[in-house]
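Everything below concerns the one structure shown next.
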Number of protein chains: 2
Amino acid sequence: MSNPRSLSKRERILDVAEELFALRGYDGVTLRQIAKGAGVDVALASYHFGKKLDLFNAVFERRAQLLNSARRDALRACQLSAGSEGPSVEQIIEAFLRPLELAQETGDPGWQHYLALIAYINNSPFWGPRMMSKLFDGLVSEFIAALRKALPDARDEDIYWCYHNLSGALTLTLAQTGRIDKLSSGKCRSSDFEAAYNHMIPFVAAGFRQVCGKGTSP
Amino acid sequence: MSNPRSLSKRERILDVAEELFALRGYDGVTLRQIAKGAGVDVALASYHFGKKLDLFNAVFERRAQLLNSARRDALRACQLSAGSEGPSVEQIIEAFLRPLELAQETGDPGWQHYLALIAYINNSPFWGPRMMSKLFDGLVSEFIAALRKALPDARDEDIYWCYHNLSGALTLTLAQTGRIDKLSSGKCRSSDFEAAYNHMIPFVAAGFRQVCGKGTSP
DNA sequence: CGCAGTTTTCAACAAGCGTTGAAATTTAAA
DNA sequence: TTTAAATTTCAACGCTTGTTGAAAACTGCG
């Protein structure tokens, strides 16, 4: 049945595919590049995953539940620790973002590649609509609902646009992990995850309050 | 020399390449697809532009100067209309963003495709570093300098992180133009651009002020 | 060991890729 | 109209792609 070597090779194919897809996109990577990177014959990818598109989807599915659970748990935790009026905007945004920072900081480069791949998908007019909602719609709805409670004066439309801005800022951060910002001449390293999120959270929270009303105090 | 038909075919190749590259990325589009879309033989793209990568670059160069000039003019205009203490954060961000909105609203779908292509590039770990700085570094430096003056208490590092968030929010907006979102399903599409920027500008300005100090009053 | 089942490689396929040289067509000027 | 240059098509090249069927190697079990 399942021996250590087979699991290892199957997993290695997923790892390499994850990394290369994140860098060059679906069409920019060949199965032969993936196989070579994994030290494996080309046909093995087809044996384990079927068509190339199935391998692409398998890469996403591998970590999707794990990530969604972590973010859902973070939201639940901050809801429990908050009073009956619910968590503040800052707390909700923090619950939305910190699990990603933690994933990036595990030291497992696979998580960085995976999140960069998510960013790639989110900004792709072709892949975005067909994959993002399947992966994240349920989770996002929960966060939107929490935000709606924390910002009782806001119109739904406003909350949506603010979430859009949050998603964009986050996406660029995920896409640029490891990259050095030339403009800031090194002051701003995208691999400095903590700095990125410590700046993003107050930035986004202030934006929400400005556009959606003050809400409950932080 | 230059006759209307030849210009037309050359231009049509650029138009179709622009649209398809924006949708599927560099590797997701073949010269044959572009040629078919333009109603032209495959070899004609090579005749006019050389290699596939040269065509890719030609698509960028066609509108780059026009766009950069518009944004630079907008910055100069708001600097002139402001007093000696310079424009506010809102005015600077508005100068940074409005020319893009205007380009999207020209009704020329080419501009929408072009801006979506810029978004694709910006979020691509492969293409981003090698193209974005060449296209926009000079312009961005001018805006950063203006922001530094409007936010005298801010550290450079903070300004760069805030700009990063602005760039991300903008990029996602450019990438998703024309897309229909569930939460805004009832809205009319022509007002989408205006709504996007009208929400983005106060959102981003509030973020800057929160992270970089209050600055001069709006 | 021997054997069944799983995993991995090998070899090859048809299709599509970017690119190119030469031929055909169109254009602009004389 | 004649002529030379610019444009466009044609036909084909060498190569790479994703995929597959059959052979080989490895696995755990009796």
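Labels below follow one simple rule: chain letters A, B, ... track the order of the sequence lines, proteins then strands, and each chain is numbered from 1. Predicted model only: the values in this text are computed from it and were never measured.
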- Would B:Tyr197 and B:Glu105 count as having a side-chain donor-acceptor pair, cut-off 3.5 Å? no

- Message: What is the distance, to the nearest angstrom, from the NZ atom on A:Lys9 to the C1' atom on C:dT6?
- Response: 13 Å

- Note on the structure: Testing D:dT9, C:dC10, C:dT8 for proximity to the side chain of B:Leu44, the answer is D:dT9

- Item | Heavy-atom side-chain contact between B:Glu18 and B:Arg62 under 4.5 Å | yes

- Task: Within residues 21-42 of chain A, find the residues that approach DNA chain D with a heavy atom at under 4.0 Å, and present them sorted by residue number.
- Result: A:Val29, A:Thr30, A:Leu31, A:Arg32, A:Val42

- Message: Heavy atoms within less than 4.0 Å of DNA chain D: which residues of residues 50-61 of chain B have one? Give them sorted by number.
- Response: none

- Task: Could you state the atom-to-atom distance from CZ of B:Phe49 to P of C:dT20 in whole Å?
- Result: 16 Å

- Does the side chain of A:Asn57 reach to within under 4.5 Å of the side chain of A:Met131, using non-hydrogen atoms? yes

- Message: Tell me whether B:Arg155 is salt-bridged to B:Asp158, with the criterion being a basic N under 4.0 Å from an acidic carboxylate O.
- Response: yes

- Short side-chain N/O contact from A:Tyr47 to OP1 or OP2 of C:dT7, under 4.0 Å: yes

- Message: In the structure I gave you, are the side-chain heavy atoms of A:Ile159 and A:Val211 within less than 4.5 Å of one another anywhere?
- Response: no

- Rounded to whole angstrom units, what separation is found between the NE2 atom of A:His48 and the C1' atom of D:dG18? 17 Å

- Task: Mind jotting down which residue pairs meet the ring pair (Phe, Tyr, Trp, His ring centres under 6.0 Å) criterion with at least one end in residues 10-39 of chain A? Sequence neighbours excluded, please.
- Result: A:Phe21-A:Tyr26, A:Phe21-A:Phe56, A:Tyr26-A:Phe56, A:Tyr26-A:Trp127

- 4.5 Å side-chain heavy-atom contact, A:Leu135 and A:Phe60: yes

- Message: Testing B:Gln79, B:Arg71, B:Arg76 one by one against B:Glu142 for a side-chain hydrogen bond (donor to acceptor under 3.5 Å, both in side chains), which residue passes?
- Response: B:Arg76

- Task: Mind calculating the distance between CD (A:Glu11) and C1' (C:dT8) to the nearest angstrom?
- Result: 17 Å

